[in-house]
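Heads up: the structure comes next, in structure tokens.
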Amino acid sequence: FFTQAFITDLAVLVARGPAGRLRSLLGQLVDEELGEGDPEEAHARLYDRFLETIGAIRPGASEAELRAAAHPKVRELLADLGDRTMNRSPFYAIGMRGLGGECVCGVYFSVMHTHLRRHPFIVENEARIDWKFWDIHAGHADAEHNHLVREAVAELLREVEQEDAVTELAQGYDFGTSMWDAFWSTLYRDHGARAS
């Protein structure tokens with residue numbers, strides 16, 4: 001659900017962001033996230049295929065079915081992120097979804113991938129699992145994207161003459177990372193702790 005919402009929010013950043021390298025880079029990232037013209041290669045679809053191959057979702061489940069399965073708190077968090085991306089300052093939104101989304105997301109994905117690879121079910125069924133999503137998001141491509149985004153944001157901040165740009169960017173980043181924490185806390189509280 002975060003992947004789907006992230007793509008939409010990145011597209012909003014492209015529309016709202018200041019002209020320049022960062023805006024172009026975010027446009028490229030949206031194109032990649034959407035599969036560069038091939039819906040079967042869209043990153044949300046790649047993640048669904050991973051989930052299908054581990055039995056977490058029914059193959060061919062409709063988007064409406066999947067959306068209905070989202071935890072109410074997760075839907076609330078994503079709605080808040082979307083609202084802030086659209087209605088806060090572009091610098092706040094860049095901090096929240098550009099740095100707090102693109103860059104922080106990579107850290108979570110790397111840790112998640114490491115732990116997934118150790119799970120006994122995954123180890124036993126590794127050969128039948130579709131790993132393409134993880135090849136992208138826990139590998140070199142994602143690390144490179146993070147580096148490029150950080151460089152483009154730093155360049156943007158050097159070029160703008162808006163005094164509060166850094167403050168707004170930092171506030172957005174802080175809020176974006178707090179949303180990741182809320183997301184994982186919700187999942188742990190409602191699923192992990194119960195399973196323990």
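Not measured: the values here are computed from a predicted model.
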**Request:** For residues Leu156 and Leu169, determine if any side-chain heavy atom of one lies less than 4.5 Å from a side-chain heavy atom of the other.
**Result:** no
**Fill in**
Tightest non-hydrogen contact, residues Asp31 and Gly37, listed as OD1-N, 4.4 Å
**Request:** Looking only at non-hydrogen atoms, find the nearest pair between Gln162 and Phe91 and report the distance.
**Result:** OE1-CE1, 3.0 Å
Distance-only criterion, 3.5 Å: show the donor-acceptor pairs between side-chain atoms of residues 128-136 and protein atoms not counting sequence neighbours.
unit_1	atom_1	unit_2	atom_2	d
Arg128	NE	Asn125	OD1	3.2
Arg128	NH1	Thr53	O	2.6
Asp130	OD1	Lys132	N	3.1
Asp130	OD2	Arg49	NE	3.0
Trp131	NE1	Glu126	O	3.2
Lys132	NZ	Glu41	OE1	2.5

**Asked** Is the closest side-chain heavy-atom distance between His43 and Leu46 below 4.5 Å?
**Response** yes
**Message:** I'd like to check the salt bridge (Lys or Arg N to Asp or Glu O under 4.0 Å) partners of Glu144; sequence neighbours left out, ordered by chain and number.
**Reply:** none
**Request:** Enter the distance from Ile94:CD1 to Arg23:CZ here, rounded to the nearest 0.5 Å.
**Result:** 10.0 Å
**Prompt:** So with a 6.0 Å cut-off around CD of Glu36, is the heavy-atom count from everything else above 12?
**Reply:** yes
**Item:** Gap between atom CZ of Arg84 and atom CG of Asp80 - 0.5 Å precision
**Value:** 4.5 Å
**Message:** Could you check whether any side-chain heavy atom of Val149 comes within less than 4.5 Å of a side-chain heavy atom of Asn146, counting everything from C-beta outward?
**Reply:** no
**Fill in**
residues 1-16 vs side chain to side chain donor-acceptor pair (under 3.5 Å), sequence neighbours excluded, gives Asp9-Arg97
**Reported CD1-to-CG distance for the pair Ile7 and Leu10, which is rounded to 0.5 angstrom** = 8.0 Å
**Request:** Just say parallel, tilted or perpendicular for the rings of His119 and Phe121, cut-offs at 30° and 60°.
**Result:** perpendicular
**Prompt:** Hey, does Phe175 have a side-chain heavy atom less than 4.5 Å from the side chain of Leu81?
**Reply:** yes
**Asked** Taking atom OH of Tyr92 and atom OG1 of Thr85, what is their separation to the nearest 0.5 Å?
**Response** 9.0 Å
**Request:** Using a 4.5 Å cut-off on heavy atoms from C-beta on, say whether the side chain of Gln171 contacts that of Arg88.
**Result:** no
**Item:** side chain to side chain contact (heavy atoms under 4.5 Å, CB included) evaluation trace for Phe50 with Leu116
**Value:** CA-CA 12 Å; Phe50 164 74; Leu116 274 170; 3.9 Å; yes
**Prompt:** Under the salt bridge (Lys or Arg N to Asp or Glu O under 4.0 Å) test, which residues partner Glu32, sequence neighbours left out?
**Reply:** none
**Message:** Please find the pair of heavy atoms, one from Ala11 and one from Val30, that lie closest to each other, and give the distance.
**Reply:** N-CG2, 3.6 Å
**Message:** Taking the side chain as everything from C-beta on, heavy atoms only, tell me whether Leu99 gets closer than 4.5 Å to Arg150.
**Reply:** yes
**Request:** Measure across Val14 and Gly27 and return the closest heavy-atom pair with its distance rounded to 0.1 Å.
**Result:** CG2-N, 3.4 Å
**Prompt:** Same cluster for Ile54 and Val111 if Ile/Leu/Val/Met/Phe/Trp/Tyr side chains link at under 4.5 Å?
**Reply:** no
**Fill in**
Value for CZ (Phe1) from NE2 (His71), rounded to nearest 0.5 Å, stands at 11.0 Å
**Request:** Please round to the nearest 0.5 Å and tell me the distance separating atom CD1 of Ile57 and atom CG of Leu51.
**Result:** 5.0 Å
**Asked** If you take all heavy atoms of Ile122 and Arg117, which pair is closest and at what distance?
**Response** CG2-CA, 4.2 Å
**Fill in**
Tightest non-hydrogen contact, residues Ala5 and Leu78, listed as CB-CD2, 3.8 Å
**Message:** Going by the rule side-chain contact (heavy atoms from CB on, under 4.5 Å), which residues pair with Arg21 if we only count those two or more places apart in sequence or in a different chain?
**Reply:** Leu148, Glu151, Ala152, Glu155
**Asked** Under a single-linkage rule joining Ile, Leu, Val, Met, Phe, Trp and Tyr whose side-chain heavy atoms are separated by less than 4.5 Å, which residues share a cluster with Val12?
**Response** Met86
